[in-house]
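Structure first, commentary second.
In this text the structure is predicted, and so the values were computed from the model without any measurement. Order of the sequence lines sets the chain letters (A, B, ...), proteins ahead of strands, with each chain counted from 1.
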Amino acid sequence: MEEEEAIRRSNALEKDDIEYLRDDILDEQYLFEGVKLTDAEEREMRYKKKIYELVKKRSEEDETQSEYRIPDAYDEEGHVNQEKRFAVSLQRYNLDSAGDKMNPFAEQEAWEEHQMGKASLKYGSKNKNQSNDYEYVFEDKIDFIRDSVIDGENLDELHSELPDKSKEKSALEMLQEERKTLPIYPYRDELLQAVNEYQVLVIVGETGSGKTTQIPQYLHEAGYTKQGKVGYSIRFEDCTSEKTILKYMTDGMLLREILSEPNLESYSVLMVDEAHERTLSTDILFGLLKDLIKFRSDLKLLISSATLDAEKFSDYFGSAPIFKIPGRRYPVEIHYTKAPEADYIDAAIVTVLQIHVTQSPGDILVFLTGQEEIETADEILKHRTRGLGSKIAELIICPIYANLPTELQAKIFEPTPEGARKVVLATNIAETSLTIDGIKYVIDPGFSKVKSYNPRTGMESLLVHPISKASAMQRAGRSGRTGPGKCFRLYTLHNYHKDMDDNTVPEIQRTNLANVVLILKSLGIDDLVNFDFIDPPPEEALLKALELLFALSALNKLGELTKVGRRMAEFPLDPMLSKMIVASDKDKCSDEIITIAAMLSVGNSIFYRPKDKQVHADNARMNFHLGNVGDHIALLRVYNSWRECNYSTQWCYENYIQVRSMKRARDIRDQLEGLLERVEIEVTSNLNDLDAIKKAITSGFFPHSAKLQKNGSYWTVKHPQRVHIHPSSGLAQVLPRWVVYHELVLTTKEYMRQVTELKPEWLVEIAPHYYQLKDVEDPISKKMPRGAGRAKE
DNA sequence: GAGCACTGC
């Protein structure tokens, strides 16, 4: 009876009505959850579900007969046919939310589950958003193919070895027991034996294996530390003493230590951790340490790395043995798109919504390339979920990038409320630098911004570039930290194999090497071209750096370090900034110059400019530019104003200044002030003589001079190329005839960032070896003798 | 009238 009635009623419906029917069922389920229904109401619900199944079946039959089936939505070359894709949008991909008794779609889910292979975990769900109503809420969708699973490691053993906390134990005993639960523990003796046997050991250990915390302790227990103390050392905080036996420090710090103790005599073992990150400092350390171990046969060297690079490090250090330690990780399913996605932001948003509506609870992490993309994605997501009300569960959107003010960053660490889902929109900051609990899904569009440097033009640029396979693995792993995870890659398996490099190009091959060369020179390394780099930088970049250091008088004609060069090497700054400081001694303005150097080396994150308050922020900034003093002096004024207000946070807010950047500038400035003493430069202030300050700036930055052209652009003086004043500069409207700039960046145009006016005669006065009178003669000034660009006679 | 990924000394 009921069956016949259902068929009759279903025949009266179009297949398009299925959406409404489904919504209806879901709404009622939601409303009636836990409510006792009358017989009539229950019967009506049964009808609706039956009708739904009938209509659904009919529409699926139509679907299979139609020409629009999933494989047909793509042409022979695998390009997506948008029109067809929309037509098949009722098809879906794998699901794992089966198990809800009230779910009217359980049968179909079971079918899909069967189609897609077994799901790794099942969650019973009472939330209606866990049903598979995605395509009834949003029209577009993306098809994924499950490819592989990165296996979890070691988890069962771990659980069985958890310490027995029932007995009363001291904190120390507890700690000692917990140490034994780490994956590395069973390998302790074997590892110590290998260290004893070999001078260099490459250690492959996944995150969470305990290598960073345990190996130093094992070494200590084995007697590698004969005198004793524990501490750490980072740039602004040295917590070590003469009692220290074990020291944790950054690679950059170790490099600085080598400058004062080239043989590292006070160390018996060095461990270069996270070597696969291939920072500039790590690469230089490799070259130095490879040489050092020849002379210090008693020095042990441990290199810890991720799997992919281990062979390379081993080869570099004369086939050093590789010691493998398993990690602590949950399995992660990898999914690829069936076809390439043209717009990865849109694809990421669609995937977020797809996961939100169809997948079991767990937060989502999306990797985007920068602030602007994150803000865009944030807006679109808010727009698309607005007005859906109870149709979907709450979606909490959390943006995170390094420049986001700290108080806004805190949001990502707040626990997700029950029934809601968090989606974190992050830059690469989430790839290595911070870990967010509760992430179960990762969406990886496969891009990141990469800094590159053109040694010929001296121009830096930040370009969106496909990530490496190693990076992709790292991103995927972010979903399996607290439980089994899934990673949705917005590119095809074919793209992964064909278009992506194994590893990211190391920093040393895409950066300005002036500082590297200065460090190596001060270590007495003369032949840089033949230095044993694990991956050599472009020769042109090395030559460019040598040329600059020669121009700055840091090197003599023989390529040897000069007295000026030695003083410059004391400063942890780019050589032009160091030169500016050393030169400030002459103009008696070192106090102002170290402030400017600190502000410049913080980068361009001093001024805060939120989208909705750009006018206010720009007005606040213009206050510091009064009198068209130039960007360097403006930075000095910002710092001094802040200092006068007792480093007040409130002052920063009022002036649209980033607090964090200012604090960093203060730390750097304090450090520089300490270093002035080391190089015997007196701290002297000459605040009222702006020309003296500008001359000191020019002493460091004279290779960065440019001359105004009639059309408002500039020509750089020494290696002529067309450049422009960056619109954020206080001089962007002023257009002085001659300028000195801090850096060139290539974005939409070739821009000079941080610009100050210059008198051309200074160039000849300060750098007669670099500029001749003819370089600075200005034909325009002859017609307009009152102009600032009058050449010195 | 533009846009800045991330470390680090």
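- A salt bridge does not link A/Asp670 with A/Arg666: every distance from a Lys NZ or Arg NE/NH1/NH2 to an Asp or Glu carboxylate oxygen is 4.0 Å or more.
- A/Arg278 comes within 4.0 angstrom of no nucleic acid atom, judged by non-hydrogen atoms across all strands.
- Phosphate proximity of B/dC9 to A/Thr250: present, with a side-chain N or O under 4.0 Å from OP1 or OP2.
- Within the 4.0 angstrom heavy-atom criterion, only backbone atoms of the sugar-phosphate kind lie near A/Tyr751; the bases stay farther away.
- Atom C1' of nucleotide B/dA5 and atom CD1 of A/Ile467 are separated by 13 Å, given to the nearest angstrom.
- Rounded to whole Å, atom C1' of B/dC6 lies 9 Å from atom CZ of A/Arg510.
- Taken to the nearest 0.5 Å, the NE2 atom of A/His276 stands 7.5 Å off from the OG atom of A/Ser304.
- Comparing B/dG1, B/dC9, B/dA5 by their nearest atom to the side chain of A/Pro727 picks out B/dG1.
- Put simply, A/Thr427 has a side-chain N or O that comes within less than 4.0 Å of OP1 or OP2 on B/dC6.
- Salt-bridge annotation for A/Arg621 and A/Asp618: present, with a side-chain N of the basic residue lying under 4.0 Å from a carboxylate O of the acidic one.
- Between A/Val745 and A/Gln733, the one whose closest nucleotide on DNA chain B sits nearer the 5' end is A/Gln733.
- A/Gln474 places its CD atom 13 Å from the C1' atom of B/dC6, with the value rounded to the nearest Å.
- For A/Arg609, the listed nucleotide lying nearest its side chain is B/dG1; candidates were B/dC9, B/dG1, B/dA5.
- Distance, A/Leu280 CG to B/dC6 C1': 13 Å, rounded to whole Å.
- Comment: A/Lys247 engages A/Glu257 in a salt bridge, judged by a side-chain N to carboxylate O separation of less than 4.0 angstrom.
- When each of A/Asn515 and A/Ala402 is assigned the nucleotide of DNA chain B with its nearest heavy atom, A/Ala402 is the one assigned upstream, toward the 5' end.
- Within the nucleic acid shown, A/Thr748 comes within 4.0 Å of sugar-phosphate atoms alone, with no base atom in reach, counting heavy atoms only.
- In this structure, CD1 of A/Ile429 is placed 13 Å from C1' of B/dC4, rounded to the nearest angstrom.
- For the residue pair A/Ser471 and A/Glu431, a side-chain donor N or O sits within less than 3.5 Å of a side-chain acceptor on the partner.
- Using a 4.0 Å heavy-atom distance criterion, A/Ser448 is classed as making no nucleic acid contact.
- Rounded to an integer number of Å, the gap from CG of A/Asn428 to P of B/dC6 is 8 Å.
- A/Leu600 places its CG atom 18 Å from the P atom of B/dC4, with the value rounded to the nearest Å.
- One can place NE2 of A/His625 at 14 Å from C1' of B/dG1, the figure rounded to the nearest angstrom.
- Minimum atom distance to the side chain of A/Tyr401 is reached by B/dC6, of the listed B/dC9, B/dA2, B/dC6.
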